Amino acid sequence: MFASKGLFALLAFGLGVSQVAADNRLQGIYALAKRRVPSHADAFSFALVDGEPDTFVVSDARNGIHVECTTVSACARGLYTYLTQRGGVDIWWTGSRLNELPLRLPKLGEQIKGEAIVPYRYHFNTVTFDYTSAFWDFEQWELELDWLALRGVNLPLAWVGYEYILIETFREVGLDDDDIADFLSGPAFQAWNRFGNIQGSWGGELPMQWVNDQFALQKRIVQRMVELGMTPVLPSFTGFVPRALSKLYPNASIVTGSQWSGFPAAYTNDSFLEPFDPLFSTLQKSFISKQQAAYGADVSHIYTLDQYNENDPYSGDPDYLRNISAGTFASLRAADPDAVWLMQGWLFFASEAFWTDERVAAYLGGVPGNDSMIVLDLFSEAAPQWNRTQSYYGKQWVWCELHDFGGNMGFEGNLEALTQDPIAALRSPGSSMKGIGLTMEGQEGNEMLYDIVLDQAWSSTPLSINTYVNDWTTRRYPVKPLPKVALDAWTTLAQTVYNNKDPNTQATIKGIYELAPSLTGLTNRTGHHPTMITYDTDSSVVSALKLLLQAKAQHPSLALVPEFAYDVVDVARQVLSNRFVDLYVALVNTYTSPSSTASAVSAAGQPLLALLADLDALLYTNEHFLLSTWIADARKWARGSPAYGAYLEYNARNQITLWGPDGEIDDYASKAWAGLVGTYYKARWAAFVGYLEQTKRTGEAYNATAVADTLLEIGKKWDNGTWGTGEGEWWGVHGNTWEMAEKVLKKWA
Ligand SMILES: *[C@@H]1O[C@H](CO)[C@@H](O)[C@H](O)[C@H]1NC(C)=O
Ligand SMILES: *[C@@H]1O[C@H](CO)[C@@H](O)[C@H](O)[C@H]1NC(C)=O
Ligand SMILES: *[C@@H]1O[C@H](CO)[C@@H](O)[C@H](O)[C@H]1NC(C)=O
Ligand SMILES: *[C@@H]1O[C@H](CO)[C@@H](O)[C@H](O)[C@H]1NC(C)=O
Ligand SMILES: *[C@@H]1O[C@H](CO)[C@@H](O)[C@H](O)[C@H]1NC(C)=O
Ligand SMILES: *[C@@H]1O[C@H](CO)[C@@H](O)[C@H](O)[C@H]1NC(C)=O
Ligand SMILES: *[C@@H]1O[C@H](CO)[C@@H](O)[C@H](O)[C@H]1NC(C)=O
Ligand SMILES: *[C@@H]1O[C@H](CO)[C@@H](O)[C@H](O)[C@H]1NC(C)=O
């Protein structure tokens, strides 16, 4: 029952708790069981035992199920293993169904044993905090953290509320609130301010109410993470500072950073205090001591810190880079003698031309020792960097699935890479890989692809894809007997959309209807934002949709399974998304044909608008595909203040559309959401079709600049809107999923 001294030492390092009684350490797991399986909570017992980290044994007990584990995280994973493998239930992004466990708990007979194959199971990208969780309240965080804990994640990023402590730190060195306000970015854009890509806030300054509320939220998040056996990766001082700091400290080594993504200089070119300046260490110590005072001194010693994520260093001289990282690390260790530096390795891929092997070696080499750093190999499934950097020259690193850019929702995936590659990386000679994790920019759909990676972290051989897909589907649709056609639907998806071996289209495939209309450049894009559809639509998503609807015909109670309804909408969404491309190509062909008339162009445009109307109606049938949820989540932080509510709504709208005051990263974070499709994408395409028709009629030449200007104006106007006041703006679910899905098949498949 009680842990030995050895285990205490291990936990003190691995989990960040020390001097806590053994039973206290399990309170979070008991609370989790109570929260998610209330009717059976008393049937589960847990015990921490001595042994290799992250192992568990689940066995039958006299009155239920007993989980023995060597870490709190392994206990959660042990519980999850029982619930999923024997209980036939699961917890999803769409909600927890763990309470649907059979009334009589299934006996095990034989014990189930499990062991993590890596010490770190990591979750989050810095930008997930904006693309997905920007406006979450604690209840939404609670579902997320339970989802993570049960899957065995023990190293989550914890960025919420960063600005509170940063502001205190800046005030302490003499900056005034106006100077600080000039630097901070809006609620939907904080990640890129934290990365030093942007500064300032369009649409109004960041309100202190936001800063204070987020700080209060973070206290609860960090505490919960620790209770669930996780080590939160906490923020630190990065070096990015308000411009006014160089006036206050004229001799400080402050350089101007590079321009990011076409933003005007006022919003980018952030000031960077170079880490060899003593002021850097002063700020670091101040920041970390305030953070320790707020969340507890021993909560974590792992710090997230990125200086060159889509920023170019001031100099490419290897000595300079080594000096920067040495100074940065020294500041961390001066503030916390056990500090470990975690960084996202995206830069080594995204700026590969700058980050030559020699420069990577110099930057990482400035940090002494190998356990002192953890590099997230951010895009391991498509563009691994560990293999060109000799396993990050011995530093610890984590194999990460990135996959989803900007929270886009198209289907895409490579199940084989997700299961084979982490195992191969772990076994490669001299590997310093220490973790497996998820660094998706947004959590939007394609959930199986993320589940499988976290499950792979508990299997020393690549998971069998066929078995995995069948088991996953069986848990997702817990009706008995599950019609075989439901399994066939997912097998079809696994063999098509999730079997993408094309290295040029790895990431969610964006629907072109979400892009600003144009005569050229939309289709068949490859690279960072692929729009190229790498599979045959009929034999993949159309087939899957038919099979799912057959399954429902065979077992009508499937309609009551929330995840089944979600999937039907999602697959039908993809059918429409792909069909739109054909309609668009036909429109362009009609327009560019010299013999076509204005009315022929107008006629060719109508199906595009009709399809978008149907897509909007389809999405409105399910609560998980609503723009109004995003907006309501943002506005609720205003607690009724109209001005603050409007500010939050502008942030929420701008991120998913123009992304910047003037469309700097237009449509990067586009979504297939009801309301967005009907009032924004459709409006843009209607304007485009109207313009094509007009130029055909008048004989004037197509003017791409004029089109772009018009679309930007539509965007600005839309971003300024207030939901609920315009035509077709619904707040809630309406319509019938099954009727809409049948309509999609009949009309568009
Ligand atoms: C900056 O450096 C100059 C020259 O070394 C020195 O005269 C001056 O006092 C310094 N200013 C501050 C604010 O430290
Ligand atoms: C911003 O950075 C870019 C390089 O990325 C540089 O060309 C430009 O001069 C900088 N602007 C300012 C105002 O520092
Ligand atoms: C980094 O460079 C600064 C300024 O040139 C120098 O004072 C400092 O000693 C260097 N630090 C290291 C660790 O090389
Ligand atoms: C690393 O692995 C990726 C994916 O397998 C491959 O495309 C790339 O060429 C490899 N790089 C090196 C330097 O071996
Ligand atoms: C770090 O790892 C590299 C590569 O395995 C090794 O050469 C080096 O000696 C290690 N450094 C330390 C301090 O252990
Ligand atoms: C996209 O590429 C595919 C395959 O190369 C080709 O068949 C198709 O015609 C292209 N579509 C468009 C709209 O260019
Ligand atoms: C295209 O439209 C832009 C913006 O309206 C305008 O400034 C430009 O003169 C137009 N170009 C031509 C060739 O008409
Ligand atoms: C949007 O609102 C801002 C701030 O109130 C205003 O400056 C701008 O003119 C508005 N733009 C449009 C297109 O309504």
Side-chain angles (χ1 to χ4, degrees), residues 1 22-49 54-116 138-154 224-230 447 451 454-455 458 471-482 557-558 560-564:
M1 183 76 197
D23 46 2
N24 277 348
R25 284 177 294 150
L26 286 169
Q27 275 177 5
I29 297 302
Y30 279 106
L32 168 65
K34 208 169 201 150
R35 198 158 52 238
R36 297 302 173 194
V37 281
S39 49
H40 290 293
D42 295 342
F44 293 101
S45 60
F46 303 90
L48 276 166
V49 296
D54 296 318
T55 62
F56 64 79
V57 181
V58 189
S59 9
D60 290 320
R62 209 157 57 86
N63 296 317
I65 297 294
H66 184 65
V67 185
E68 267 185 5
C69 50
T70 58
T71 60
V72 177
S73 175
C75 258
R77 178 77 199 187
L79 173 63
Y80 180 70
T81 304
Y82 174 80
L83 293 172
T84 51
Q85 291 185 10
R86 298 305 156 92
V89 291
D90 210 328
I91 176 172
W92 311 99
W93 286 341
T94 37
S96 176
R97 314 293 165 219
L98 298 175
N99 57 348
E100 291 168 18
L101 212 52
L103 225 49
R104 256 181 81 100
L105 280 187
K107 286 265 175 210
L108 279 176
E110 248 173 67
Q111 295 179 329
I112 324 179
K113 296 184 178 178
E115 180 174 5
F138 188 71
E139 201 185 310
Q140 289 162 302
W141 271 104
E142 187 163 68
L143 177 66
E144 171 82 5
L145 295 179
D146 287 349
W147 188 96
L148 293 176
L150 286 162
R151 282 169 172 77
V153 168
N154 64 351
R224 180 59 61 79
M225 285 175 171
V226 173
E227 283 167 12
L228 292 173
M230 307 181 190
E447 190 169 348
D451 276 341
L454 294 181
D455 285 345
W458 297 78
D471 290 353
W472 187 90
T473 308
T474 305
R475 289 200 304 280
R476 195 163 169 86
Y477 307 151
V479 300
K480 295 213 172 50
L482 179 63
S557 64
L558 272 169
L560 305 174
V561 175
E563 284 64 40
F564 183 79

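Values in this document were obtained by computation on a predicted structure and should not be read as measured data. Basis for what follows: all heavy atoms, side chains included, without hydrogens, waters or symmetry-related copies.
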Ring pair (Phe, Tyr, Trp, His ring centres under 6.0 Å) against Trp92, all qualifying residues, sequence neighbours excluded:
Trp472
Assign the ring pair Phe564 / Tyr477 to parallel, tilted or perpendicular, where the plane angle (0 to 90°) is split at 30° and 60°.
perpendicular
Please name all residues satisfying side-chain hydrogen bond (donor to acceptor under 3.5 Å, both in side chains) with Asp471, sequence neighbours left out, ordered by chain then number.
none
Give the C-alpha distance, both sets of side-chain angles, the deciding distance and a yes or no for side chain to side chain contact (heavy atoms under 4.5 Å, CB included) between Trp458 and Phe56.
CA-CA 11 Å; Trp458 297 78; Phe56 64 79; 3.9 Å; yes
Quick one: are Cys69 and Val49 in side-chain contact, heavy atoms under 4.5 Å?
no
My understanding is that only residues two or more places apart in sequence, or in another chain, count here; which of them pass salt bridge (Lys or Arg N to Asp or Glu O under 4.0 Å) with Glu115?
none
Show me the donor-acceptor pairs within less than 3.5 Å that the side chains of residues 96-106 make with the rest of the protein, sequence neighbours left out.
from	atom 1	to	atom 2	distance (Å)
Ser96	OG	Leu98	N	3.3
Arg97	NE	Glu563	OE1	2.9
Arg97	NE	Glu563	OE2	3.1
Arg97	NH2	Thr94	O	3.0
Arg97	NH2	Glu563	OE2	2.9

For the pair Asp60 (side chain) and Gly109 (backbone), establish whether a donor and an acceptor sit closer than 3.5 Å, ignoring hydrogens and angles.
yes
Out of curiosity, Glu142 CD to Arg35 CZ, how far, rounded to the nearest 0.5 Å?
4.5 Å
Please answer whether the main-chain N or O of Thr55 pairs with a side-chain N or O of Thr70 as donor and acceptor at a distance below 3.5 Å.
yes
Residue pair Tyr80 / Leu32, side-chain heavy-atom distance below 4.5 Å
no
According to ring pair (Phe, Tyr, Trp, His ring centres under 6.0 Å), who are the partners of Phe44, at least two apart in sequence or on a separate chain?
Tyr82
Looking at every heavy atom in both Met230 and Leu148, which two are closest together, and how far apart are they?
CE-CB, 3.8 Å
Mind checking the CH2-CE spacing from Trp141 to Met225? Nearest 0.5 Å is all I need.
5.5 Å
When every non-hydrogen atom of Leu482 is compared with those of Thr474, the smallest separation belongs to CD2-CA, 3.8 Å
Side chains of Leu228 and Asp146: closer than 4.5 Å at any heavy-atom pair?
yes
What closest approach, in Å, do Val67 and Cys75 show between heavy atoms, and which atom pair accounts for it?
CG1-O, 3.9 Å
All heavy atoms of Leu79 vs all of Ala33, minimum pair found to be CD2-CB, 4.4 Å
Does anything in residues 81-91 form a salt bridge (charged side-chain N to carboxylate O under 4.0 Å, His left out)? List the pairs, not counting sequence neighbours.
Asp90-Arg151, Asp90-Arg475
To the nearest 0.5 Å, atom CZ of Arg77 lies from atom OG1 of Thr71 at 12.0 Å
Starting at CD1 of Ile91, measure out to CG of Asp451 and round the result to the nearest 0.5 Å.
10.5 Å
Quick one: do Arg25 and Val226 satisfy side chain to side chain contact (heavy atoms under 4.5 Å, CB included)? Show the steps, please.
CA-CA 9 Å; Arg25 284 177 294 150; Val226 173; over 6 Å; no
All heavy atoms of Ala76 vs all of Ile29, minimum pair found to be CB-CD1, 3.8 Å
For His66 and Ser59, what are the C-alpha separation, side-chain angles and deciding distance, and is it a side-chain hydrogen bond (donor to acceptor under 3.5 Å, both in side chains)?
CA-CA 5 Å; His66 184 65; Ser59 9; over 6 Å; no
Can you tell me how far apart CD (Gln85) and CD1 (Ile112) are? Round to the nearest 0.5 Å.
5.0 Å
What are the two closest heavy atoms between Leu83 and Val37, and how far apart are they?
CD2-CG1, 4.2 Å
